[in-house]
There are 2 protein chains.
Amino acid sequence: MSRQKKATIRDVAAAAGVSVTTVSDALSGKGRLPEATRERVHAVAEQLSYRPSAIARGLRSDGLGLIAICIAPAGGGGVLTDVGYWAAIVTHASQAILSTGHAPVLLPHNVEMLGKLRLPLDGAIVVDPLERDPVLAYFERKRIHCLTIGRDLQRDSGIWVDDDTREGVRQLLLATLPVGTCLGFIRVGPMKSYIGDAVDGARDWAAERGGRLLVQAGASMDAPQVEAAVKALLDGGAHALIAQNDRLALRVLEALRSLGKRVPGDVRLLSAADAPELSRAEPAISAAQAHPARLAELAAARLQDIIRGSGDVSNAKVPMDIFPRASAPGLSG
Amino acid sequence: MSRQKKATIRDVAAAAGVSVTTVSDALSGKGRLPEATRERVHAVAEQLSYRPSAIARGLRSDGLGLIAICIAPAGGGGVLTDVGYWAAIVTHASQAILSTGHAPVLLPHNVEMLGKLRLPLDGAIVVDPLERDPVLAYFERKRIHCLTIGRDLQRDSGIWVDDDTREGVRQLLLATLPVGTCLGFIRVGPMKSYIGDAVDGARDWAAERGGRLLVQAGASMDAPQVEAAVKALLDGGAHALIAQNDRLALRVLEALRSLGKRVPGDVRLLSAADAPELSRAEPAISAAQAHPARLAELAAARLQDIIRGSGDVSNAKVPMDIFPRASAPGLSG
DNA sequence: CCGGCAAGAAGAAACGTTTCTTCATTCAGG
DNA sequence: CCTGAATGAAGAAACGTTTCTTCTTGCCGG
């Protein structure tokens, strides 16, 4: 059984006894032609298993309108973490991109793979970029319009949208920690803007409320490593702990249990990022909540402005909400 | 400030004083030309901010080689669940697809969005298809080569690769449940092949070991719903529970705690799918383990065979491993 | 000097669709 | 009968790159 050559619009036109214009019009629903002609063309196209070349269409018309979404890896060994946040970003960014007439394509945060793909991208959104993010640099090199959700802390240029994590964390700590508390900040994985901002927010709080801040980077999200980091902070005098995000906060809670510490009796626990699991934990964990949906929408809108060459596209910061819960109750008014 | 028209290869050729062939050769590293010419062309391209049209290249040469990966939604309200499994599938399938010279593109499991995208796809992999999966039907309609990881239970045609969940669950139950046990199976969300197979495997076990099988579908993954489903099974006489997957198993464990049941003293607990979290739970939960990496590799290889028109592409079933743990210890001898 | 080979290069066509321009026919109204 | 409008349709060119074929020049060896 030999392979059939792919049918082109010329083959369909010849078999239907019309011009390629008529085939194009018949299949696209454009043009002026009688229903009988349109149906004949459809029948022939079906018979020949004709499949229009999206590449040819893209070349002639309006391109393919591809917008990449690349999510930089977080720490913790998995390919993808912070999954609730990530899923929300993808969902909302995809919808926003589609509403601008573009096509969202989720691509790996991997320069080698992007180089092999060589897709005709109109633009790209990099989520939670690393410091000196290689994918961000790649897009710039290839002159692909790009912006970030979160910021590359080692990069001055580029448009970004980000949560106001610094202010959110500061407000959360103001609302939950007594004056002069010694606070331990636990982080894991590569430095990202939301981590840097959270640490800055904790510093702001400490300066305002006469607290002390200890920062500890864990080697990984594995239980023994988290436990070691927690222990180091407790030994350093910390009576409150804030974790960089929800997953780490849950790990810290487990570690505190293993170490025989009561929450919030012995140690208050907070998270710089919220998730449904935190409110379901025992005790429910206090957190500052990001707004991934809003971020995604702002990002998509700005990227479109960039692509269209609108003159003055500015960065955006989205305020966070704070939720004091049982792990670090709100201070009485 | 007026918009600059995009530079084409013709513009570069004119500015560099060479033909378009020479520009193409210089930028691609092909052809025979002196280094000085090559450098001159590069300089001009840079000066003109020339960006080659990947669409034009794809049309003339070898297409874009896009392979879509679409993951059908599971239950539980989130856009994406079973995230560890999902991340493994994406990672390994992406690598396998790249090694065949194609480009993996993760796309939404959404016919409307796929229709708007109109990407020049050479093939597609649908992961965990729904019954009468609409995306699967879309790809067939558009004559896009397709296979599935997991099966559409309401579809006879199409190539698939799948875990041998039926046999894996049967073996797990044989290894952990005493003769005559009344077993409750909890499931949530749309029917998928791995769920159907797991139920069948449990039925096989019940037939062999004189057990009784009760199947309960939860309305969602929320704690009250899971608790209601667990309670219904316990009231029905179940002394062992098996959850469709890891996330649900963890929820069932929480529900059992809320209901004051000891695991495994009052009720044995098992999961039809494993994850690291299950071995970290208290008690560690017995599970059958899928092999997403192997599945992804087999899928990518078969899809390539399908695309190349190789005559006889067959389905594949991958055996599972079983891990008896404290929640349902292995039967002695 | 002549012929062959290698290096450098250009021109034309291909890829498959869309769109713009032009043409032909028919019908209706003045 | 003539003119204008509407309908149906075709042909050519555009889109931007790659590739194939052919040509030119210079060098070397017989």
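Quick note on labels: first sequence line is chain A, next is B, and so on, each numbered from 1.
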What is the distance from CG of B/Asp11 to P of D/dG16, rounded to the nearest Å?
9 Å
Minimum-distance nucleotide (side-chain atoms of B/Arg60 versus D/dA9, C/dA14, C/dG16):
C/dA14
Under 4.0 angstrom, heavy atoms only, what part of the nucleic acid is B/Thr37 near: base, sugar-phosphate, or nothing?
sugar-phosphate
Figure out the CD/P separation between A/Glu35 and D/dG8, and round it to whole Å.
11 Å
How is B/Leu33 classified with respect to the nucleic acid when contacts are heavy atoms under 4.0 Å: base, sugar-phosphate, or nothing?
sugar-phosphate
Starting at CD1 of B/Ile55 and ending at C1' of D/dT18, how long is that distance when rounded to a whole Å?
16 Å
Between D/dC20 (C1') and B/Arg32 (CZ): distance, integer Å
12 Å
Return the nearest nucleotide to the side chain of A/Arg57; candidates are D/dT18, C/dG8, C/dT18.
C/dT18
Output yes when at least one side-chain N/O atom of A/Ser19 is less than 4.0 Å from OP1 or OP2 of D/dA10, else no.
yes
Toward the 5' end of DNA chain C, which comes first, B/Arg40 or A/Ala54, by nearest nucleotide?
B/Arg40
What is the distance from CG of B/Leu27 to P of D/dG16, rounded to the nearest Å?
16 Å
Atom pair distance, as rounded to whole Å: CG in A/Leu48 and P in C/dG16:
14 Å
Answer yes when A/Arg151 and A/Asp162 have at least one side-chain N-carboxylate O distance shorter than 4.0 Å, and no when they do not.
yes
Between A/Asp25 and B/Ile9, the residue closer to the 5' end of DNA chain D by nearest nucleotide is A/Asp25
Could you please name the option among D/dT17, C/dG8, D/dA12 that lies closest to any side-chain atom of B/Tyr50?
D/dT17
Nearest-nucleotide comparison on DNA chain C, the residue closer to the 5′ end among B/Thr22 and B/Arg10:
B/Thr22
If you look at every strand shown and take non-hydrogen atoms under 4.0 Å, does A/Gly17 touch a base, only sugar-phosphate, or nothing?
sugar-phosphate
Take a 6.0 Å sphere around CZ of B/Arg155 and say whether it holds more than 12 heavy atoms from other residues, nucleotides or ligands.
yes
Picking from D/dG16, D/dA10, C/dT17, the nucleotide nearest the side-chain atoms of B/Ala56 would be D/dG16
Strictly distance-based, threshold 3.5 Å: is any side-chain N or O of B/Asp128 a donor or acceptor partner for the main-chain N or O of B/Gly150?
no
Between C1' of C/dC15 and CG of B/Leu64, the distance in whole Å:
13 Å
Any idea which of D/dT17, D/dA9, C/dT18 is nearest the A/Ser61 side chain?
C/dT18
How long is the line joining CZ of B/Arg38 and P of C/dG8, in whole Å?
10 Å
Could you work out which one of D/dT18, C/dA9, C/dA12 sits closest to the side chain of B/Thr21?
C/dA12
A/Leu59 side-chain proximity, nearest of C/dG16, C/dT17, D/dA9
C/dG16
Could you tell me whether A/Glu46 and B/Arg143 have a side-chain N and a carboxylate O separated by less than 4.0 Å?
yes
Which heavy atom in B/Trp160 sits nearest to a heavy atom in B/Asn315, and how many Å separate them?
N-OD1, 2.9 Å
Tell me whether the OP1 or OP2 atom of C/dT19 has a side-chain N or O from A/Lys30 closer than 4.0 Å.
yes
Does one side chain, of A/Thr21 or A/Ser24, offer a donor that lies under 3.5 Å from an acceptor on the other?
no
